[in-house]
There are 2 protein chains.
Amino acid sequence: MGVRDTDTTLAGRVRSADTDTMCPERLVLEHVTSRWGALVLIALLDRSYRFSELRREIGTVSEKMLAQTLQTLERDGLVHRDAKPVIPPRVDYSLTDLGREAAEQVRALSLWVAQRMAAVRKAREEYDAAKA
Amino acid sequence: MGVRDTDTTLAGRVRSADTDTMCPERLVLEHVTSRWGALVLIALLDRSYRFSELRREIGTVSEKMLAQTLQTLERDGLVHRDAKPVIPPRVDYSLTDLGREAAEQVRALSLWVAQRMAAVRKAREEYDAAKA
DNA sequence: CAGCATCCCCATCGATACTG
DNA sequence: CAGTATCGATGGGGATGCTG
């Protein structure tokens with residue numbers, strides 16, 4: 001998940017020039033369904049979180065990826081960042097109205113996957129069996 | 001994403017997947033929201049497609065990635081592959097009932113993104129302006 | 001036509017160290 | 001506490017060539 005779209009590398013220029021394959025809608029879809037993006041959005045549906053709280057809640061995300069994910073979601077207007085001017089620093093993250101809409105969609109999709117997981121597993125077994 | 005009673009949120013599920021790569025739910029979510037997976041599912045909502053038709057319809061997908069995507073979706077029980085024993089080969093791809101459910105979720109998410117794209121763009125401009 | 005096999009680049013992500 | 005900076009390896013995926 002790229003934080004900046006103004007990247008001047010060769011790959012970046014090629015990609016941003018190719019609006020057919022990497023349309024902006026696709027990028028947003030990627031931001032909300034990406035590994036950490038989805039987990040962050042779903043977590044924030046419950047309540048707001050501080051940075052480290054979120055990190056513990058998700059459990060396996062690196063500091064770097066969490067920061068990057070939150071910045072991307074904030075830039076898209078899905079997450080609100082509230083940095084309080086205190087020592088030690090305290091930053092609260094919450095969903096915007098837009099972000100709540102996105103998070104609910106993502107949660108619905110996640111719940112669907114969970115509900116249908118048994119069917120998927122069965123399909124896989126049959127597929128693998130038919131191959132052998 | 002599945003919620004076990006002993007673990008109300010996300011951390012435990014991801015953590016328990018450390019033995020492998022990630023939890024199976026996450027993998028399925030990735031299959032249906034991946035770049036080519038989402039496009040394939042949405043295309044197949046309209047009608048069944050032959051391999052090359054699908055390739056032209058999506059426009060920028062490589063042969064390799066389309067084949068790979070279709071196999072993954074077929075293995076998950078979302079896509080049905082109908083290979084007719086004729087020369088030259090003819091293979092039709094269509095959605096299973098399970099796949100149709102997934103495709104509708106993905107389409108809903110895509111439509112939401114499209115609808116809210118203006119708001120996202122505005123949020124980005126404000127974010128970028130505030131940074132400069 | 002509908003793929004599979006191979007090579008290889010480089011973007012993504014984890015790990016580590018550092019800072020206000 | 002809440003990040004930023006840097007580096008290395010891992011693997012996704014495009015390009016190409018071949019097959020039934």
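The chains referred to below are lettered A, B, ... by the order of the sequence lines, with proteins before strands, and numbering in each begins at 1. As the structure is a prediction and not an experimental result, all values here were calculated from the model.
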- Query: To the nearest Å, how far apart are B:R35 CZ and C:dT12 C1'?
  - Reply: 15 Å
- Taking only side-chain nitrogens and oxygens of B:S52, does any of them come within less than 4.0 Å of OP1 or OP2 of C:dA2? yes
- Task: Give one of base, sugar-phosphate or nothing for B:E53, where a contact means two heavy atoms less than 4.0 Å apart.
- Result: nothing
- Taking atom P of D:dG17 as reference, at what distance in whole Å does atom CD of B:E63 sit? 13 Å
- Closest nucleotide among D:dC1, C:dC13, C:dG3 to the B:Q71 side chain: C:dG3
- Item | Atom of A:A102, atom of B:W112 and distance for their closest heavy-atom approach | CB-CH2, 3.4 Å
- Item | OP1 or OP2 of C:dA2 under 4.0 Å from side-chain N/O of B:R56 | no
- Query: Starting at CE of B:M65 and ending at C1' of D:dG11, how long is that distance when rounded to a whole Å?
  - Reply: 11 Å
- Query: Does C:dA2 have OP1 or OP2 sitting under 4.0 Å from an N or O in the side chain of B:Y49?
  - Reply: no
- A:K64 vs A:P88, nearer the 5' end of DNA chain D by closest nucleotide: A:P88
- Assess whether one donor atom and one acceptor atom, taken from the side chain of A:Q68 and the base of C:dC13, lie less than 3.5 Å apart. no
- Would you call B:R26-B:E30 a salt bridge at under 4.0 Å N-O? yes
- Is A:R90 near enough to D:dG3 that one of its side-chain N or O atoms lies under 4.0 angstrom from OP1 or OP2? no
- Hey, which sits more toward the 5' end of DNA chain C by its nearest nucleotide, B:A67 or B:P89? B:P89
- What is the nucleic acid contact for B:R55, judged by heavy atoms within less than 4.0 Å: base, sugar-phosphate only, or nothing? nothing
- Item | Stepwise salt bridge (charged side-chain N to carboxylate O under 4.0 Å, His left out) check, B:R47 with B:E57 | CA-CA 12 Å; B:R47 62 177 178 89; B:E57 169 71 17; 5.6 Å; no
